[in-house]
Number of protein chains: 2
Amino acid sequence: MIRILLADDEHLIRGALAALLSLEDDLEVVAQAATGAEALATARVVRPDVAVIDLQMPDLDGVSVAQALSAELPSCSTMIVTSHGRPGHLKRALAAGVRGFLPKTVSSDVLATVVRTVHSGGRYVDPALAAEAISAGDNPLTPREADVLELALEGAPIDEIARRASLSPGTVRNYLSSAVGKTGASNRHEAARAARARGWI
Amino acid sequence: MIRILLADDEHLIRGALAALLSLEDDLEVVAQAATGAEALATARVVRPDVAVIDLQMPDLDGVSVAQALSAELPSCSTMIVTSHGRPGHLKRALAAGVRGFLPKTVSSDVLATVVRTVHSGGRYVDPALAAEAISAGDNPLTPREADVLELALEGAPIDEIARRASLSPGTVRNYLSSAVGKTGASNRHEAARAARARGWI
DNA sequence: CGACGGGCATGACATCTGTCATGGGTTTCT
DNA sequence: AGAAACCCATGACAGATGTCATGCCCGTCG
């Protein structure tokens with residue numbers, strides 16, 4: 001019996017996925033979580049075999065959870081499911097030790113199959129996402145540039161970005177300027193959108 | 001037995017929801033669709049009692065589907081589930097004859113309950129979304145302000161907005177300034193996002 | 001009719017942003 | 001050890017942007 005931890009902020013989806021997985025004889029959902037932090041805390045207690053984690057959650061990013069999990073519970077394989085599969089996330093996820101990466105558009109039985117695959121030590125990445133990631137090419141942004149651009153996505157003024165990133169406004173402007181150059185945009189907002197479209201953030 | 005049509009572009013979610021609904025004795029998922037057009041076509045054939053439709057789908061908007069359904073199949077009650085519940089959508093949905101409106105964050109059994117409610121002629125709108133929609137109030141933007149804000153969404157510089165709207169840059173700035181004031185934002189990008197979030201554009 | 005609100009435009013001013021030069025600190029690779 | 005790349009910061013300058021006052025044209029409503 002494979003013991004599964006399920007994390008998704010959307011209660012309905014989480015419940016539905018749990019129902020689906022429970023239909024399989026060899027799978028058992030032993031815990032559920034609605035946030036990244038909750039997922040981590042729960043995992044430490046129940047020590048599941050496989051963690052199925054949604055990419056976007058209110059507090060902790062799914063990738064961050066995966067990273068923490070693979071460090072703390074090497075016996076637990078992590079896989080990520082997501083609605084909006086952006087190439088950048090896939091790369092980060094693999095770097096974080098994620099064993100499976102699926103968009104929510106896959107058919108229902110694929111999920112169960114992949115759970116078994118990662119549990120037995122294998123890996124699985126959705127072919128379409130993999131192709132996208134490869135064609136997207138390398139991310140020319142430095143980590144800090146990506147951070148700052150991400151904060152700029154919401155349209156916040158530079159001072160707020162600086163506060164949220166704990167940087168000086170001048171530094172923020174430097175990073176943004178550099179990022180604007182690399183994206184070929186004419187201002188940071190356009191740059192942020194372009195970077196997201198290309199999966200760089 | 002209540003016969004249900006389920007439409008969601010995310011195969012995994014659709015399957016999971018189907019599994020969930022099928023656990024109920026008095027509910028039966030008689031058809032599934034992955035796009036809005038498909039949902040319409042299928043509904044014409046199977047004539048379900050209740051249609052459960054995702055708001056965001058590749059081709060036809062969930063609201064458009066609901067509108068067509070309520071015109072063509074008045075015997076079929078439509079309800080909408082959504083991940084990102086924007087107040088604007090709720091208003092449009094109700095105008096389109098939707099009987100139930102739920103975010104995907106609700107607990108699993110609420111869904112079944114609401115299916116029964118709308119089937120028996122009732123209505124149900126998630127309280128949190130309803131409150132949001134009410135507090136959002138009417139759209140205070142003038143048509144032109146809305147136009148210009150929409151163009152600003154992509155992060156374009158003012159000169160480009162002016163060209164695309166066939167206005168002088170100064171006029172664009174006036175409209176944007178006014179819109180920024182009405183949204184309480186600190187620049188046009190934030191204003192554009194805020195307006196979209198509230199369903200004003 | 002006259003007041004009112006919206007659409008459109010211009011000009012002036014203060015502030016915000018983007019760009020560039022510069023410099024010091026750290027890590028990584030050769 | 002030295003080079004290269006990244007992180008962080010400051011200062012200066014030009015151009016973009018936000019704000020405000022002002023004006024004209026047009027349609028609507030009382």
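Reminder, nothing fancy here: chain letters follow the sequence lines and each chain counts from 1.
- Once rounded to the nearest 0.5 Å, the distance linking CG of Leu12(A) with CD1 of Ile13(B) reads 8.5 Å.
- Of the charged side-chain nitrogens involved, none lies within less than 4.0 Å of a carboxylate oxygen, so that Arg47(A) and Glu72(A) do not count as a salt-bridged pair.
- Taking a cutoff of 4.0 Å between a charged side-chain nitrogen and a carboxylate oxygen, Arg164(A) and Glu154(A) qualify as a salt bridge.
- Within residues 140-153 of chain A, the residues that place at least one heavy atom under 4.0 Å from DNA chain D are, in residue-number order, Thr142(A), Pro143(A), Arg144(A).
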Determine, stepwise, if the pair Glu10(B) / Arg14(B) fulfils salt bridge (Lys or Arg N to Asp or Glu O under 4.0 Å).
CA-CA 6 Å; Glu10(B) 293 175 318; Arg14(B) 196 170 73 243; over 6 Å; no
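- The two residues Leu149(B) and Ala195(B) make their nearest non-hydrogen contact at CD1-CB, 3.6 Å.
- We find that NZ of Lys182(A) is positioned 15 Å from C1' of dT19(C), with the value rounded to whole Å.
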Pairs under 3.5 angstrom only: tabulate donor-acceptor contacts from the side chains of residues 110-122 of chain A to other protein residues two or more places apart or in another chain.
residue	atom	partner	partner atom	Å
Thr113(A)	OG1	Asp109(A)	O	2.9
Arg116(A)	NE	Asp26(A)	OD1	3.4
Arg116(A)	NE	Asp26(A)	OD2	2.6
Arg116(A)	NH2	Glu24(A)	OE1	2.7
Arg116(A)	NH2	Asp26(A)	OD1	3.0
Thr117(A)	OG1	Thr113(A)	O	2.9
Ser120(A)	OG	Arg116(A)	O	3.2
Ser120(A)	OG	Thr117(A)	O	2.9

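- Taking a cutoff of 4.0 Å between a charged side-chain nitrogen and a carboxylate oxygen, Arg173(A) and Asp159(A) do not qualify as a salt bridge.
- Ser22(B) and Glu28(B) share no side-chain donor-acceptor pair at under 3.5 Å.
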Nucleotide-resolved protein contact map, nucleotides 16-30 of chain D, B/S/- at heavy-atom distance under 4.0 Å:
-BBBB----------
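- Overall, the helix from dC1(C)-dG30(D) to dT30(C)-dA1(D) carries an axis bend of 30° between its ends, with five pairs at each end and the value rounded to 10°.
- The distance from atom CG of Leu167(B) to atom CG of Asp147(B), rounded to the nearest 0.5 Å, is 8.5 Å.
- Partners of Glu190(A) by salt bridge (charged side-chain N to carboxylate O under 4.0 Å, His left out), not counting sequence neighbours: none found.
- To the nearest 0.5 angstrom, His11(A) atom NE2 is 9.5 Å from Thr105(B) atom OG1.
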Nucleotide by nucleotide, 5' to 3', does protein get under 4.0 Å of the base (B), only the sugar-phosphate (S), or neither (-) in nucleotides 24-30 of chain C, counting heavy atoms?
-------
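- Note on Thr171(B): a side-chain N or O is less than 4.0 Å away from OP1 or OP2 of dA9(C).
- For the pair Arg198(B) (side chain) and Thr183(B) (backbone), a donor-acceptor distance under 3.5 Å is present.
- The CD-C1' distance, from Glu190(B) to dT17(C), rounds to 15 Å in whole Å.
- For Arg188(B) (side chain) and Leu176(B) (main-chain N/O), no donor-acceptor pair under 3.5 Å exists by modelled atom type.
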